[in-house]
Every structure is written in C-alpha cells, then in structure tokens.
Number of protein chains: 2
Amino acid sequence: MEKQLKRGTLEMVLLKLLSGREMYGYELVTAFQRRGNGKFEIKDGTLYPVLYRLEKAGYVEPRWVTQERGVPRKYYRVTTLGQEEMNRLVGDWRHFVAAVDALLEEETDERDQ
Amino acid sequence: MEKQLKRGTLEMVLLKLLSGREMYGYELVTAFQRRGNGKFEIKDGTLYPVLYRLEKAGYVEPRWVTQERGVPRKYYRVTTLGQEEMNRLVGDWRHFVAAVDALLEEETDERDQ
DNA sequence: TCTGGTGTCTTGCGACACAAGATAGTTTGT
DNA sequence: ACAAACTATCTTGTGTCGCAAGACACCAGA
C-alpha cells in the first residue's frame with residue numbers, strides 16, 4: 001500500500017526536503033533511509049526519474065559539483081516556481097487527507113441524505 | 001495529483017463505505033459524487049475493476065438483486081476478512097499520514113543528524 | 001422518437017514506483 | 001595486487017492502476 005501512497009506525495013516531499021537546502025541524489029536516498037526508519041524509503045531507480053521530471057518542469061535546478069575525490073555530485077535546489085508548486089501540493093495534500101479522514105470517521109450505518 | 005493519491009486509499013475507502021451497509025456499483029459512484037463535493041469522485045470504469053479485486057481477494061461478496069423494474073443490481077457486502085483488511089489499511093494510512101506530516105513540519109534548514 | 005438517467009462491464013492508454021543492471025571512482029582488508 | 005563494499009549517477013523493462021471511451025441493456029419523460 002505504501003507504494004501506492006507514495007505516488008502523489010513523493011514530489012511534494014522531495015520539494016520540501018530540497019527547499020531546506022540543496023542536496024544530491026544519493027544523499028536524498030540515504031536521508032530517506034535514515035529518517036523513515038524503514039518506512040518511506042526511496043530507491044535510486046525511482047528518485048532520478050522524479051528529479052528529471054521536477055527539473056523539466058522548472059521546479060528544481062541542478063548544479064554539478066566536482067569533488068577532489070570521488071564521483072561528481074549533482075546538487076539540486078528548488079526554484080521559486082518550485083516553492084509555489086510545493087505550497088500548492090501541500091494544500092492539496094492536506095485537503096485530501098481531511099476528505100479521507102472525514103469518510104473514515106463517519107457513522108458506519110448512515111444512508112443517503 | 002488527486003489521481004495519484006487515490007491509489008492506496010481507494011480500496012480502504014470502498015471497504016469503509018461497504019462496511020456500513022451493502023451497496024451496488026452505481027450507488028457507490030453517486031455516493032462519491034455527492035459526498036466528495038466534486039473532489040474524491042470515482043468513475044465506473046475505475047470502480048468495477050476495484051470491486052473485482054476486492055471480491056477476488058475475499059474482502060467483499062456480491063449478491064445479485066433483480067428489480068421489479070430496471071436493470072438487476074449487484075450488491076456488495078464486506079466479509080469478516082474484509083473488515084480485518086480495512087482495519088489494517090486504516091492503520092497503514094494513519095501511519096503514513098503521520099510520517100508525511102512530520103516531514104512537512106520539520107524546520108526547513110535542518111541538516112543530517 | 002429521442003434524449004437522459006440507471007446499471008454493469010470491457011479495452012486501451014498513460015503515468016509511475018521499482019527491480020535489475022550498467023558504469024565509474026574510492027576505500028579497506030587480505 | 002586483488003577483491004569486496006561503498007559512493008554516485010543513469011537506463012531499461014515490468015507490473016499496477018485510474019480513467020477515458022465505448023458497448024450493452026432497461027426505463028421514463030418530452
């Protein structure tokens with residue numbers, strides 16, 4: 001089920017994390033592993049396509065950083081457009097959660113009207 | 001985005017509605033239209049495959065009811081297995097929402113550790 | 001007659017998380 | 001010197017699933 005729930009929240013959560021500070025892909029994967037305590041993980045095969053979508057939409061901007069040692073890292077930062085999109089997504093999210101919770105808390109025997 | 005969010009919640013919400021009383025497909029569609037106020041609608045092309053999944057999994061049981069007038073209706077009721085599944089799904093849902101909300105409410109500038 | 005509501009069902013499409021694998025540099029142990 | 005294991009990015013193929021679109025069938029009102 002978690003797999004399905006991620007659809008629709010992944011971009012929002014990613015924008016949120018990147019709005020804190022610029023991060024690179026592998027860092028995001030490990031950040032999710034650590035914070036999620038096993039739940040809310042993300043695989044790199046999932047992450048990179050999402051970052052491309054966000055970049056293509058103008059929500060994030062990449063920046064290559066060559067290390068003295070090691071493989072170059074691609075840091076992403078959120079654009080102002082991305083900030084607006086994030087706020088919109090968070091609004092939608094809260095709205096959706098409220099609607100579902102309302103359904104879940106209804107009396108079980110109610111009829112139409 | 002709503003489209004994506006529905007994946008993972010649709011079965012739970014459906015089980016919830018059907019646990020109140022048995023309902024038939026078209027009734028569910030109109031119930032969602034009315035309650036959702038435009039949001040959280042479901043199309044019949046979406047609904048029927050979901051009902052088959054639930055039936056195949058043993059979570060709901062169908063019952064044909066022939067009307068004096070009109071097309072026969074296929075009523076679905078939730079099995080005890082379906083009840084358990086619903087409770088499990090609701091638990092997962094609340095858990096997931098809590099995890100996402102925690103992420104959304106973090107300080108924006110936090111670093112690792 | 002013809003539109004529109006009621007009712008179930010099927011086919012095909014597009015979106016997307018993920019598994020699996022490729023590529024490449026670094027580090028550590030033997 | 002060699003082999004794991006870790007860091008880091010990227011691609012391809014697969015399966016799931018909401019939905020648009022349409023088929024079929026019955027009924028009521030204009």
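The basis for the numbers below is simple: all heavy atoms, side chains too, and nothing from hydrogens, waters or symmetry mates. All values derive from a computational prediction rather than experimental measurement.
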Between [X] and [N], does any side-chain N or O lie under 4.0 Å from OP1 or OP2?
X	N	answer
R73(B)	dG7(C)	yes
K3(B)	dC16(C)	no
K43(B)	dA21(D)	no

Expressed as a whole number of angstroms, how long is the span from [X]:[atom1] to [N]:[atom2]?
X	N	atom1	atom2	answer
Y26(A)	dC10(D)	OH	P	15 Å
D44(B)	dT6(C)	CG	P	13 Å
I42(A)	dA17(C)	CD1	P	8 Å
Q67(A)	dT9(D)	CD	P	9 Å
L47(A)	dT11(D)	CG	P	13 Å
Q33(A)	dA8(D)	CD	C1'	14 Å
Y48(B)	dA21(D)	OH	C1'	15 Å
L51(A)	dA17(C)	CG	C1'	14 Å

(request) Taking all non-hydrogen atoms of both residues into account, name the closest pair between Q67(B) and R69(B) and its distance. (result) CB-O, 2.7 Å

(request) Name the nucleic acid region contacted by G70(B), choosing base, sugar-phosphate or nothing; use a 4.0 angstrom heavy-atom cut-off, strictly under. (result) sugar-phosphate

(message) Using a heavy-atom cut-off of 4.0 Å across all strands, would you classify V29(A) as base, sugar-phosphate, or nothing?
(response) nothing

(message) If you assign E68(A) and Q4(A) each to the DNA chain C nucleotide with the nearest heavy atom, which residue ends up on the more 5' nucleotide?
(response) Q4(A)

(message) I want to confirm an ordering. Mapping V71(A) and L10(A) to their closest nucleotides on DNA chain C, which one lands closer to the 5' end?
(response) L10(A)

Separation between [atom1] of [X] and [atom2] of [Y], rounded to the nearest 0.5 Å:
X	Y	atom1	atom2	result
Y48(A)	I42(A)	OH	CD1	10.0 Å
T79(A)	Q83(A)	OG1	CD	8.0 Å
T46(B)	R7(B)	OG1	CZ	10.0 Å

(request) With the side chain of R7(A) defined as its heavy atoms from C-beta on, choose the nearest nucleotide among dA24(C), dG15(D), dC17(D). (result) dG15(D)

(request) Identify which nucleotide among dA8(D), dC10(D), dC16(C) has an atom closest to any side-chain atom of Y24(A), counting heavy atoms from C-beta outward. (result) dA8(D)

(request) Using only heavy-atom distances, decide whether a donor-acceptor pair under 3.5 angstrom links the side-chain of R69(B) to the base of dC27(D). (result) no

